[in-house]
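Here's the structure we're looking at; comments come further down.
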Amino acid sequence: MNHMTKIGVALVALSVALTGCSTTKNWLGKRNNGSLDYQQSQKIDPIKLPANQATAEFTPLYQTPNLGASPINLTNDSGKQYELPKPPTAAH
């Protein structure tokens with residue numbers, strides 16, 4: 001084996017070992033991936049067109065209710081990423 005092949009094999013072995021490592025999972029789970037940014041979104045003012053601009057009638061199809069803060073905690077332990085709720089276990 002030449003030097004580059006040995007390095008390639010070592011990198012593949014290292015990446016396979018780290019993929020299942022809980023330390024790696026914990027480290028990656030603490031980064032901010034932006035999945036919770038939607039919670040700080042706010043309504044914006046409607047678009048204002050010039051007075052002489054012809055437009056079609058606008059009827060909103062879906063109302064956006066103001067629900068306030070969500071009672072459901074969907075963050076991981078670090079509070080930086082969205083975490084899906086665990087599925088129910090199936091009983092046999």
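Counting begins at 1 with the first residue of the sequence.
Here Lys48 pairs with nothing under the side chain to side chain donor-acceptor pair (under 3.5 Å) rule; sequence neighbours left out.
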Which donor-acceptor pairs under 3.5 Å do side chains of residues 40-47 form with protein atoms, sequence neighbours excluded?
residue	atom	partner	partner atom	Å
Ser41	OG	Tyr38	O	2.8
Lys43	NZ	Thr64	O	3.4
Lys43	NZ	Thr64	OG1	3.0

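Applying the side chain to side chain donor-acceptor pair (under 3.5 Å) test to pairs two or more places apart or on separate chains, none has a residue in residues 49-62.
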